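Take a look at the structure below.
Predicted model only: the values in this text are computed from it and were never measured.
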Amino acid sequence: LNLSSAVELLVKQRLLDEHWLLIFSDVNAADLEKLNSGDFASVYLKDALKRLEKICRIDFSKHRDILNNLKDERNKIEHFHVSIDQAKATSLMVLTWSFIVDFVSDNIDIAKEQNRKQFSQILNTITTLQVYVSRRLNLIDNELNQLREAGTAIIKCPECLQETLSL
């Protein structure tokens, strides 16, 4: 839930950097006083991504699956109290943080001291979980290679979101 909120806040920050009107759900109802008080309906993530694509020319195609998976899992947890297993959660977190690193590097001004400190914290956190995913992939690498050599197709697993599912 928190990681999904973090993504949404980063996306909205980029919209705010472009123009404050863009973070309002309805730009026609945008009001600077409401912005300053925080008393307004902000844009949904899906619409925020569309605005960034169209207005700022940001390409989300590389990360679209991850963002959709994150949104789907967030909604399941938030609305239906569904739990997620550790392997899937870890993989989704690592892939989402990969998006965050790319997005912040390319689209957020990290010259600002506060942004630089927060970005450093993100990088420190992601490396701890990336170790888990890398080790797990190393454990099954030989098996996956044998399957590939035998002509078996390997696709993205819907559980761990890695190229590990054999057909």
Side-chain angles (χ1 to χ4, degrees), residues 1-15 17 43-54 56-167:
L1 294 174
N2 291 333
L3 191 55
S4 180
S5 294
V7 167
E8 193 166 335
L9 288 171
L10 284 169
V11 167
K12 289 178 183 180
Q13 180 60 53
R14 179 57 183 91
L15 284 174
D17 290 346
V43 64
Y44 287 111
L45 179 61
K46 181 180 176 181
D47 294 327
L49 295 173
K50 284 181 186 176
R51 289 178 187 181
L52 287 173
E53 286 176 324
K54 291 182 181 203
C56 303
R57 302 286 187 222
I58 296 174
D59 181 14
F60 291 101
S61 60
K62 177 180 170 186
H63 298 287
R64 189 159 319 279
D65 287 346
I66 300 309
L67 294 171
N68 287 335
N69 279 313
L70 179 66
K71 178 188 60 95
D72 291 346
E73 291 303 323
R74 178 239 173 254
N75 287 345
K76 288 177 193 175
I77 293 167
E78 178 75 19
H79 300 295
F80 303 110
H81 306 289
V82 174
S83 63
I84 183 172
D85 68 64
Q86 184 178 357
K88 185 174 184 178
T90 301
S91 182
L92 183 57
M93 286 189 294
V94 169
L95 293 169
T96 301
W97 280 334
S98 178
F99 161 75
I100 289 172
V101 169
D102 289 347
F103 184 77
V104 170
S105 297
D106 295 340
N107 301 290
I108 303 291
D109 181 8
I110 58 172
K112 295 178 183 175
E113 181 66 21
Q114 180 181 1
N115 293 350
R116 188 170 44 252
K117 285 180 182 178
Q118 290 173 338
F119 190 56
S120 177
Q121 289 173 337
I122 290 169
L123 292 176
N124 288 337
T125 303
I126 192 173
T127 56
T128 61
L129 286 177
Q130 185 60 48
V131 168
Y132 168 81
V133 173
S134 295
R135 286 183 183 163
R136 178 68 185 135
L137 289 173
N138 284 337
L139 285 173
I140 63 173
D141 190 51
N142 285 338
E143 184 180 343
L144 290 172
N145 285 334
Q146 289 173 354
L147 289 168
R148 283 186 190 102
E149 289 171 6
T152 303
I154 307 295
I155 63 169
K156 187 181 290 187
C157 171
E159 289 299 311
C160 72
L161 309 174
Q162 302 291 325
E163 299 284 334
T164 56
L165 182 63
S166 63
L167 296 179

Are any of the side-chain heavy atoms of [X] and [Y] separated by less than 4.5 Å?
X: Leu3; Y: Ile100; value: yes
X: Asp141; Y: Leu137; value: no
X: Lys156; Y: Asp65; value: yes

Will you find, in the side chains of Asp17 and Gln13, an N or O donor that is under 3.5 Å from an N or O acceptor? yes

For [X], check salt bridge (charged side-chain N to carboxylate O under 4.0 Å, His left out) against everything at least two apart and list the hits.
X: Asp72; answer: none
X: Lys54; answer: none
X: Glu143; answer: none
X: Arg148; answer: none

Non-neighbouring partners of [X] that pass side-chain contact (heavy atoms from CB on, under 4.5 Å), sequence neighbours left out:
X: Ser105; value: Val101, Phe119
X: Lys46; value: Lys50
X: Glu78; value: Leu1, Arg74
X: Phe60; value: Leu49, Leu52, Glu53, Ile58, Arg64, Leu67, Phe99, Phe103

Report the residues that fulfil side chain to side chain donor-acceptor pair (under 3.5 Å) with [X], sequence neighbours left out, ordered by chain and then residue number.
X: Lys62; result: Asp102
X: Asp59; result: Ser61
X: Ser5; result: none

From [X] atom [atom1] to [Y] atom [atom2], the distance as rounded to the nearest 0.5 Å:
X: Ile84; Y: Leu92; atom1: CD1; atom2: CG; answer: 5.5 Å
X: Glu163; Y: Ile155; atom1: CD; atom2: CD1; answer: 8.0 Å
X: Ile66; Y: Thr96; atom1: CD1; atom2: OG1; answer: 6.5 Å
X: Leu147; Y: Ile140; atom1: CG; atom2: CD1; answer: 10.0 Å
X: Leu144; Y: Ser166; atom1: CG; atom2: OG; answer: 8.0 Å

Taking salt bridge (charged side-chain N to carboxylate O under 4.0 Å, His left out) as the cut-off, I'd like each qualifying pair that reaches into residues 4-14, sequence neighbours left out, listed once. Glu8-Lys12, Arg14-Glu18

Heavy-atom closest contact (Leu70 atom, Ser4 atom, distance):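 Result for this residue pair: CD2-CA, 3.8 Å.
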
Nearest heavy-atom neighbours spanning Val43 and Ala48: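 Shortest heavy-atom contact: CG2-N, 3.6 Å.
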
Short side-chain to backbone donor-acceptor contact, Thr90 and Gln86, under 3.5 Å: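 A pair under 3.5 Å: yes.
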
Crowded around Asn2 CG? As in, over 12 foreign heavy atoms under 6.0 Å?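 No.
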
